[in-house]
Each structure stands twice: as C-alpha cells, then as structure tokens.
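I have placed the structure first, in the form of structure tokens, so that the comments after it can refer back to it.
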Number of protein chains: 2
Amino acid sequence: MSGTASERLAAGRSAATGGARTAAAQTAPDPDRPASPTTPAAATALGRAGTRRRADKRESILPTAFMVFAREGYAQATLDVIAAEAQVAKHTIYNHFGDKQALLRAVLAAEADKALAKNLAAVDGLRDLDGDIRGALEDVGYRLVSCFCDERSWALRRLLYAEISQFPDLLDIIQGRAANPVTEALADRLARLALAGRLRTADPAAAAEQLAALLTGSLEARGRFGTRVIPDDEKRAVARAAVDTFLHAFGPPTPAGATTS
Amino acid sequence: MSGTASERLAAGRSAATGGARTAAAQTAPDPDRPASPTTPAAATALGRAGTRRRADKRESILPTAFMVFAREGYAQATLDVIAAEAQVAKHTIYNHFGDKQALLRAVLAAEADKALAKNLAAVDGLRDLDGDIRGALEDVGYRLVSCFCDERSWALRRLLYAEISQFPDLLDIIQGRAANPVTEALADRLARLALAGRLRTADPAAAAEQLAALLTGSLEARGRFGTRVIPDDEKRAVARAAVDTFLHAFGPPTPAGATTS
DNA sequence: ATAATTTTGCACTGACCAGTGCACTATAAC
DNA sequence: GTTATAGTGCACTGGTCAGTGCAAAATTAT
C-alpha cells in the first residue's frame with residue numbers, strides 16, 4: 001500500500017572530503033542549509049549578537065561529528081574527540097544540540113539531506129522520454145549505485161542499522177528525508193515512461209522497488225559493507241545486469257530488448 | 001569474479017526460542033558443535049572432570065548473550081547482565097570465551113550456523129527438476145524471505161552492521177558461515193534447472209544474485225530494519241513479484257511465463 | 001565604551017563497566 | 001575418601017565518559 005520501496009537506495013555522496021585531523025574544520029561550503037550567512041534580516045529573529053559565529057560553529061560541528069561517529073561508532077565516539085577535531089569547545093556542542101543523542105539525530109538528518117540531493121539528481125536522468133531507454137536506465141542505475149557505494153552512504157547506513165533498536169525514530173528521520181523521496185521520484189519517472197509507451201507496467205511503485213532492489217541488492221556483499229571499494233567497471237556491470245533484467249520484465253512490449261550480451 | 005552474490009539472504013531462524021529468563025538454560029540440542037557430550041574418549045584430551053557441565057554452560061551462555069547483544073547493542077550490553085540472564089557467574093563467561101569481543105565472535109558464529117541451516121533447507125526446495133517451476137520458486141522465495149525477516153536474522157544483521165567497522169573480521173565469520181554457502185547453493189540449484197531446460201541462463205551465479213536481490217531488496221524498508229513485523233501475505237506477495245520478474249528474465253524460452261496477474 | 005551573547009578551557013561529579021583476585025562450593029573421576 | 005576441574009559470589013581496581021559549573025575571553029550590536 002504505502003510506497004515501501006527502494007529506501008535502500010538513498011544516502012550517497014561523492015566522498016570528496018579527504019583528510020580527517022588536518023582538514024577537519026575546513027568545512028567546505030557544501031549546499032547544506034541556506035542559514036543566514038550575511039543577511040542582516042535574520043539577525044532580528046534570534047539573538048542580536050554572535051549570530052554569524054553560531055551558524056559557523058554549527059556547520060563546523062556537524063560534518064566532523066559525522067566523521068567521528070562513522071569512524072568510531074556512536075557509542076564509542078566521545079564528545080571530547082568530536083570537539084577536538086571540530087576545533088570547538090565541548091560546551092559549544094552542548095549549547096547547540098543539547099546532548100549526544102540530539103547531536104546524532106542532527107548529524108543523520110543533515111547527512112540524509114545531502115544524500116537525498118545526490119539521489120534525486122541521479123533519478124532526474126530519466127526525464128528524457130524519447131531517447132535510448134536502456135542507455136538512460138543504465139546511466140541512472142550507475143549513478144544510483146555510485147550514491148549507494150559512497151563512503152558516507154555506507155557510514156550512514158551503518159549508523160542507522162547500529163542504533164535503530166536503541167532509537168527507532170532514526171528510521172523516520174532518514175527514510176522520510178532520503179529514502180522515500182527517492183523511491184517516489186523514481187516511480188514518478190517510470191510512470192511517465194510507461195505513459196509514453198516506453199515501459200510496460202501498471203504499478204510504477206512496484207517497478208521502482210524492483211529496479212532499486214536489482215541495483216543495490218548485491219552491493220552490500222560486493223562492497224563488504226563498506227570495507228571494500230567497488231571498482232567503477234564493476235558498478236557499471238551491476239547496473240547493466242540490473243537494467244537488463246528489469247527490461248525483460250518491464251521493457252517495451254513491441255521491440256525486443258534482448259540485444260545485449 | 002568471485003561469487004559475491006546474495007549474501008544478504010542468509011541469516012534466518014524460526015525464532016522458536018521464546019522466553020528469555022525462564023527458558024534461558026533450556027539449550028535446545030541444536031546441531032551446534034559436536035563437542036564431547038558423553039564420549040569418554042575426549043575426556044583424556046582436556047580435563048577429566050566437569051566436561052559435561054562445561055558444555056552445558058557454554059550452550060547456555062551463547063543464546064542468552066545473543067539476545068542481550070541484540071536487545072541492547074554490543075557496546076551497551078554488559079557482561080553482568082548476560083551472566084545474570086544466563087544464570088551463570090560472570091567468571092564462567094570469561095573462562096569460556098576470554099573477553100567480550102571473543103564472546104561476540106562466538107555468538108555470531110553460532111547464530112550464523114543456525115541461519116545457514118535454515119536457508120539451505122529453504123533452497124533445497126528447488127531439488128525437483130520436473131514440477132511447476134514458478135510454484136517451486138515462489139515457495140522457496142517465500143521461505144528465504146521468511147528467513148530474512150526472522151527476528152534473529154534482523155538482530156544478526158544489525159550487530160554485524162554496527163560492529164563491522166570496529167571488527168572487520170566479523171564479516172568473514174558471517175559471510176563465510178552463512179551468506180556465501182547459501183548463494184552458492186542457490187546458484188547450484190539454478191544451474192541444474194538451466195541444464196534441465198527449465199531456466200535460461202549462462203551464469204547461474206548472476207541469476208542467483210539477482211533472484212536474491214529481488215527477494216530481499218525491499219524487505220529492509222518494508223520491515224523497517226526489524227522494527228516492524230511483515231505479515232505473511234505480504235511476504236508471499238513479495239516472493240511472487242520477485243519470481244515473476246525473475247522468470248521474465250530467466251524463464252524457460254519456449255512457453256510464456258506471463259500468465260499471472 | 002557598554003551590554004548581550006557566545007565561546008573557551010579546565011576541573012569536577014557521578015555513573016558505568018571490563019576485567020581480576022580470592023575464598024569457597026560443587027561436581028565428577030579415581 | 002582424595003583430587004582435579006569447573007563454577008560461584010563478592011569485592012575491588014582502573015579507566016572511560018556524559019554532562020555540569022565557573023570564570024575568563026572573544027565577538028557583535030548599540
């Protein structure tokens with residue numbers, strides 16, 4: 001009933017953030033939340049002084065905390081280490097987030113937002129209703145696979161999996177912010193393609209669910225839960241095989257889709 | 001190259017073990033390790049007395065420790081609690097396993113063994129080379145889905161996911177004992193079916209990988225990582241949809257497989 | 001400058017817990 | 001019985017860590 005589909009897809013990022021202890025506080029200007037960088041308008045809302053610094057510190061803490069949580073695990077990660085690597089006083093973290101749990105929630109929410117953007121960008125590759133469907137699907141599939149295999153994506157899933165029994169609401173944070181929207185977007189694209197006669201399915205949500213399953217199903221084992229880097233051609237091979245099977249089931253009715261391999 | 005296929009399948013159990021504190025020491029005679037129950041031969045090797053008691057205690061500790069680890073998480077679980085619930089002195093645990101990490105490894109290994117048995121039994125439903133393929137696949141698929149959705153199976157994956165970055169060798173313990181054998185067994189069955197002309201595939205391992213992906217791909221989201229119980233008919237629907245797609249891609253060449261829905 | 005706010009450094013509490021030591025008991029082989 | 005092995009109960013050490021208190025900066029608006 002409810003679109004319980006390929007939530008496994010979401011969560012991905014390009015893993016460009018390299019060094020840990022050296023470039024911890026660099027905080028690349030990622031398109032996180034617009035915040036209130038230099039606009040004098042937001043200054044009236046909350047606090048008259050230190051507004052700018054406050055946002056800076058927050059944006060400095062979140063990615064560092066995510067890295068530490070991912071590296072050490074939530075339970076083992078200490079706020080002293082996070083504070084040190086973020087070059088921030090421990091008190092500042094408490095001022096911003098209250099306690100460790102709240103910090104985890106904020107970190108996962110921010111990371112899920114980033115992942116969602118990447119995934120939606122990938123799915124958007126299916127906007128073209130006319131071109132080569134197989135090629136477009138393979139391309140989108142490869143991009144989704146890459147999102148899934150991103151280092152930060154693995155870390156996000158690990159943290160979720162690890163703490164889900166302690167904090168069940170984490171699931172809603174991540175699924176609501178990242179997984180479900182991706183699935184729905186994919187189903188939307190497939191529906192348009194079906195309506196244009198390029199695909200054959202009466203249930204786009206189910207088709208999206210199965211496409212996502214085919215794409216990501218083998219990645220956990222292949223990537224050894226994030227401890228092994230999957231080479232690029234292997235990702236492409238997975239995407240191609242997934243799309244091949246997908247098109248056998250949902251491909252266009254008239255022409256044959258079994259030209260490859 | 002190496003058969004990195006549907007390891008996600010493995011790990012399942014019927015969850016028949018019910019009460020924790022009441023029937024903790026019951027220790028059903030699961031085919032864990034042969035040990036040396038009453039054989040006088042092994043008595044000469046290590047210790048002359050208490051051999052029987054020792055095995056009893058060990059079999060009492062393992063399932064209780066698994067339950068506590070699953071409930072509280074590895075880091076939060078304390079050996080005092082495990083000892084109390086297993087009705088055993090804390091010292092006894094240290095005598096048997098050395099330290100907390102070793103206990104975790106032993107627990108996961110034992111649980112993976114149980115899961116493997118269940119999964120192999122399910123895959124064995126594909127031994128019949130003559131009957132209704134679709135029906136057989138749907139039945140096996142349903143049983144594999146049930147293994148995957150078992151409470152203990154969720155817990156096993158959660159523990160693995162949570163601690164994989166701290167103890168990477170856990171992956172080998174579980175994949176080697178449970179996931180890989182299941183994948184290979186499934187590939188074996190598919191190969192026999194292909195050779196008998198009932199399926200069409202040149203790469204049974206790839207086919208098994210995709211079948212497993214189709215079966216389990218949507219279960220993480222549907223089961224909310226183990227926090228929601230998937231009703232039986234939903235499991236059957238997932239299996240039917242997976243097999244339907246699978247047969248479109250790998251079904252017999254001559255007859256049409258699109259009779260359902 | 002002045003005042004409001006935020007950040008910092010440091011010390012401290014309180015709790016939790018892995019692992020150990022020891023004296024004692026229970027079981028089983030002889 | 002004796003003896004060796006295994007298990008028990010309890011107290012204890014040593015270490016870690018979330019969260020707090022406080023007083024001194026630093027920053028920004030007015």
Side-chain angles (χ1 to χ4, degrees), chain A residues 25 35-61 64-65 68-69 72-105 163 166-167, chain B residues 24-25 27 35-61 64-65 68-69 72-105 163 166-167:
Chain A
S36 51
T38 339
T39 58
T44 60
L46 218 178
R48 294 190 276 271
T51 317
R52 182 61 222 277
R53 291 181 53 74
R54 196 172 162 81
D56 278 357
K57 294 297 176 185
R58 186 189 175 90
E59 302 310 304
S60 162
I61 293 170
T64 308
V68 177
F69 281 149
E72 326 245 3
Y74 171 72
Q76 282 68 38
T78 70
L79 285 193
D80 295 88
V81 170
I82 296 175
E85 294 199 12
Q87 289 172 321
V88 147
K90 187 163 64 160
H91 253 347
T92 307
I93 300 181
Y94 281 99
N95 284 342
H96 275 277
F97 302 99
D99 62 358
K100 200 182 176 187
Q101 282 190 31
L103 175 61
L104 176 68
R105 278 178 243 272
E163 305 303 328
Q166 315 300 318
F167 318 122
Chain B
T27 318
S36 52
T38 340
T39 57
T44 58
L46 217 179
R48 294 190 275 271
T51 316
R52 185 59 222 277
R53 288 181 53 74
R54 194 173 163 80
D56 280 357
K57 292 297 175 184
R58 186 188 173 90
E59 302 310 304
S60 163
I61 292 169
T64 308
V68 177
F69 281 149
E72 325 246 3
Y74 171 71
Q76 283 68 37
T78 71
L79 285 192
D80 295 86
V81 170
I82 295 175
E85 294 198 15
Q87 290 172 322
V88 147
K90 187 162 63 159
H91 252 346
T92 306
I93 300 181
Y94 281 100
N95 284 340
H96 275 277
F97 301 99
D99 62 358
K100 200 183 177 187
Q101 282 192 29
L103 175 61
L104 176 68
R105 276 178 244 272
E163 306 302 328
Q166 314 301 317
F167 319 123

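Convention: sequence-line order gives letters A, B, ...; per-chain numbering from 1.
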B:Phe69: ring pair (Phe, Tyr, Trp, His ring centres under 6.0 Å) partners, not counting sequence neighbours
B:Tyr74
Nearest whole Å is fine: how far is D:dG7 P from B:Phe97 CZ?
11 Å
Rounded to 10°, tell me the angle between the two end axes of the helix from C:dA1-D:dT30 to C:dC30-D:dG1, each built from five pairs.
20°
Take atom CZ of A:Phe69 and atom C1' of D:dC17, then tell me their distance rounded to the nearest Å.
13 Å
Within the sub-3.5 Å range, which N or O atoms of nucleotides 12-17 of chain C have a protein N or O partner, and how far apart are they?
none

Can you name the side chain to side chain donor-acceptor pair (under 3.5 Å) partners of A:Glu72, sequence neighbours left out?
none
Rounding to a whole Å, what distance do you find between B:Ile61:CD1 and D:dA6:C1'?
12 Å
A:Asp99, nearest nucleotide to its side chain (from D:dT8, D:dG19, C:dT7):
D:dG19
Closest heavy-atom pair and its distance - B:Ser60, B:Ala86
OG-O, 3.4 Å
Write down the distance between NZ (A:Lys57) and P (D:dA26), rounded to a whole number of angstrom.
13 Å
For A:Asp80, enumerate each residue passing the side chain to side chain contact (heavy atoms under 4.5 Å, CB included) test, keeping only those at least two apart in sequence or located in another chain.
A:Thr78, A:Lys90
Between C1' on D:dG19 and OH on A:Tyr94, what's the gap in Å once rounded to a whole number?
5 Å
Measure from NE2 on A:His96 to P on D:dG19 and round the result to the nearest Å.
17 Å
Distance, rounded to the nearest Å, where A:His91 contributes NE2 and C:dT6 contributes P
14 Å
Just N and O in the side chain of A:Thr92: are any of them under 4.0 Å from OP1 or OP2 of C:dT6?
no
Do you know the tightest heavy-atom contact between A:Ala89 and A:Ala83?
C-CB, 4.1 Å
Which residues pass the side chain to side chain contact (heavy atoms under 4.5 Å, CB included) test with B:Asp99, sequence neighbours left out?
B:Gln101, B:Ala102
Contact between B:Leu103 and B:Ile82 at the side-chain level, heavy atoms closer than 4.5 Å - yes or no?
yes
Given atom CG of B:Asn95 and atom C1' of C:dT20, what is their separation to the nearest angstrom?
12 Å
List in chain and number order the residues that pass side chain to side chain contact (heavy atoms under 4.5 Å, CB included) with A:Gln166, two or more places apart in sequence or in another chain; answer none if no residue qualifies.
A:Glu163
Could you tell me if the side chain of A:Phe97 sits less than 4.5 Å from the side chain of A:Arg58, heavy atoms only?
yes
